[in-house]
Protein chains: 2
Amino acid sequence: MSTKYKQIVSELEADLLSGKYNEVKKLPREEDLIEKYQVSRTTIRKAIAMLVNKGYVYQVQGSGIFIREASLQDYVSLENLKGLTRDFPDKKIESKLINLMVINADEDLAKQMKCDVGTDIYFLERLRYVNEEPFAVEYTYLNKNVIPYMSEEIAHRSIYSFIINDLKLSIGFADKIIYADKLDSESAQLLQLSENDPTLVIENTVFLTNGTVFEVSKVIHNYKNTKLLKLANF
Amino acid sequence: MSTKYKQIVSELEADLLSGKYNEVKKLPREEDLIEKYQVSRTTIRKAIAMLVNKGYVYQVQGSGIFIREASLQDYVSLENLKGLTRDFPDKKIESKLINLMVINADEDLAKQMKCDVGTDIYFLERLRYVNEEPFAVEYTYLNKNVIPYMSEEIAHRSIYSFIINDLKLSIGFADKIIYADKLDSESAQLLQLSENDPTLVIENTVFLTNGTVFEVSKVIHNYKNTKLLKLANF
DNA sequence: AAGTGGTCTAGACCACCGT
DNA sequence: CGGTGGTCTAGACCACTTC
């Protein structure tokens with residue numbers, strides 16, 4: 001059983017995605033939500049705050065809770081960072097494993113992963129496809145002390161769902177550095193593009209809830225089919 | 001006078017940026033902050049929640065409030081979107097105005113700006129420099145019904161500070177679409193790069209607190225000196 | 001003026017971290 | 001176990017929007 005406000009968030013999120021409020025472009029007022037879910041105002045407001053943070057809605061004092069209609073389709077959201085499977089629920093996601101090995105952290109990697117030099121690290125190289133088209137080349141480093149087990153089978157599917165559902169770890173936050181660059185020849189070949197073509201690169205450092213680094217990765221995207229969506233609040 | 005929690009956020013933010021807590025890498029516990037600021041726990045927790053959203057800190061149940069040390073230097077933050085002046089406080093920011101005119105919204109622009117076809121729109125083209133280097137070419141559309149006045153003088157400095165401080169408008173949120181592409185010849189020349197070099201493009205739609213669109217813009221960045229930083233929470 | 005969000009309080013009880 | 005965050009309640013009063 002989850003907490004009340006999280007359940008309310010899930011339910012409202014599902015309603016929003018199903019288009020339940022598309023006509024009025026508004027959510028019911030706070031008082032109605034309080035009545036519907038039988039919770040205190042604080043709890044409702046906490047749930048709404050989550051939806052605001054996720055970019056679903058915005059509130060206007062004296063007026064109501066309005067839906068923010070940034071058509072989510074075909075964009076990789078920078079808010080819900082739980083893997084491609086979440087971003088493209090209707091599309092066919094595949095991964096080709098190119099490399100999987102255990103290495104020892106050198107000084108540079110140890111610093112990035114906040115671990116000791118020599119720590120065992122899984123290194124994975126994957127080519128990811130969306131609807132049969134090459135989408136990105138991923139170079140991933142996982143701390144073996146945190147992720148004790150990794151296999152070809154897991155790497156083919158979603159590593160994140162393995163971490164959350166099987167290892168029961170909870171992911172806390174991530175730093176992402178985003179930039180454009182020229183493609184190197186290896187990545188170009190994998191993405192079926194030409195050397196020196198543009199590419200969108202994302203370098204990730206991903207932390208558990210307690211602040212432990214468990215993943216460092218570099219993802220080289222096909223510029224022809226990657227668009228990120230960031231919903232910012234001031 | 002601002003609200004209590006906003007004042008607390010400002011103060012803690014300044015403390016964090018000044019490096020006050022760099023040694024312990026922790027903020028004081030909630031109870032101490034309550035004592036210090038003489039407010040209720042809810043108010044302190046609201047302030048901390050803001051700092052968490054901005055990516056400054058993370059909380060661990062049973063343990064404390066820890067500082068998230070993602071070195072902010074040389075990155076354009078996707079959290080504090082108040083212009084380059086905020087992102088690079090120590091650097092020299094300049095803008096060269098290339099074009100400033102009033103146009104009428106065509107069907108496409110009207111849709112993007114949620115206004116009527118034919119509405120007066122300021123169109124600006126600016127080349128922005130950071131430390132004397134060409135940083136980005138900006139194409140900006142501003143709804144003249146919202147921003148009634150614009151001049152060469154304002155366009156040379158920060159449009160955002162004009163909107164906030166002089167027009168007293170409050171900016172609410174923004175949608176940002178981010179992708180890599182090949183440079184066209186005009187932008188390439190302005191950025192002192194070659195045609196077909198990579199570029200990082202950001203397309204913005206910016207809203208006031210009440211949901212009114214006041215700006216649509218396309219920013220074509222120099223890939224050699226632009227790195228974005230996104231601090232995500234799960 | 002009526003409707004609806006925004007801020008703030010005081011306090012209860014639960015859940016997780018570390019020793 | 002003590003220390004520290006996490007969730008939740010009930011209620012007061014303020015501020016903005018809309019008519």
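Residue numbering restarts at 1 for every chain, and letters A, B, ... go by the order of the sequence lines.
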Using the side chain to side chain donor-acceptor pair (under 3.5 Å) rule, take A:Thr205 and A:Asp175 through it: C-alpha gap first, then chi angles, then the decisive distance, then the call.
-> CA-CA 5 Å; A:Thr205 307; A:Asp175 299 345; 5.2 Å; no
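Remark: the backbone N or O of A:Thr209 is not paired with any side-chain donor or acceptor of A:Ser170 at under 3.5 angstrom. With hydrogens and angles ignored, the 3.5 Å screen pairs a side-chain donor or acceptor of A:Gln7 with a backbone N or O of A:Ser2.
One finds no side-chain N or O of A:Ser63 lying less than 4.0 angstrom from the OP1 or OP2 phosphate oxygen of D:dT17. OP1 and OP2 of C:dG5 both lie 4.0 Å or more from every side-chain N or O belonging to A:Arg29. Within the 4.0 Å cut-off from OP1 or OP2 of C:dT7, not a single side-chain nitrogen or oxygen of B:Lys4 is found. A:Lys46 has no side-chain polar atom (N or O) that falls below the 4.0 Å cut-off from OP1 or OP2 of D:dC8. Side-chain N/O atoms of B:Thr43 include one lying less than 4.0 angstrom from OP1 or OP2 on C:dT9.
Taking the nucleotide of DNA chain C with the nearest heavy atom to each of A:Gln59 and B:Val60, the more 5' of the two is matched to A:Gln59. When the nearest nucleotides of DNA chain D are assigned to A:Gly62 and A:Lys6 by heavy-atom distance, the more 5′-ward of the two goes with A:Lys6.
When the C1' atom of C:dG5 is taken as reference, atom OH of A:Tyr58 falls 14 Å away, rounded to whole Å. Whole-Å rounding puts the A:Ile65 CD1 to D:dT17 P distance at 16 Å. The CE atom of B:Met50 sits 12 Å away from the P atom of C:dG6 (whole-angstrom rounding). As rounded to whole Å, 13 Å separates atom C1' of D:dT9 from atom CD1 of A:Ile8. Put simply, CG on A:Leu33 is 14 Å from P on D:dT9, counting in whole angstrom units. The separation between B:Gln61 atom CD and D:dT7 atom P is 7 Å, rounded to whole Å. We find that NZ of B:Lys168 is positioned 14 Å from P of D:dC16, with the value rounded to whole Å. For the pair B:Arg41 CZ and C:dG11 P, the interatomic distance rounds to 14 Å; values are reported in whole Å.
The side chain of B:Glu30 has D:dG6 as its nearest neighbour among D:dG6, C:dG6, C:dC8. If you check C:dG5, D:dG6, D:dT7 against the side chain of A:Tyr5, the one that comes closest is D:dT7.
Cation-pi geometry between B:Lys227 and A:Tyr179 is satisfied (NZ or CZ under 6.0 Å from the ring centre, within 45° of the ring normal).
Ion pair A:Asp32/A:Arg29 flagged as a salt bridge, since at least one NZ, NE, NH1 or NH2 atom sits closer than 4.0 Å to an Asp/Glu carboxylate oxygen.
Residue contacts shown for A:Thr42 include a base, since a base heavy atom lies under 4.0 Å away.
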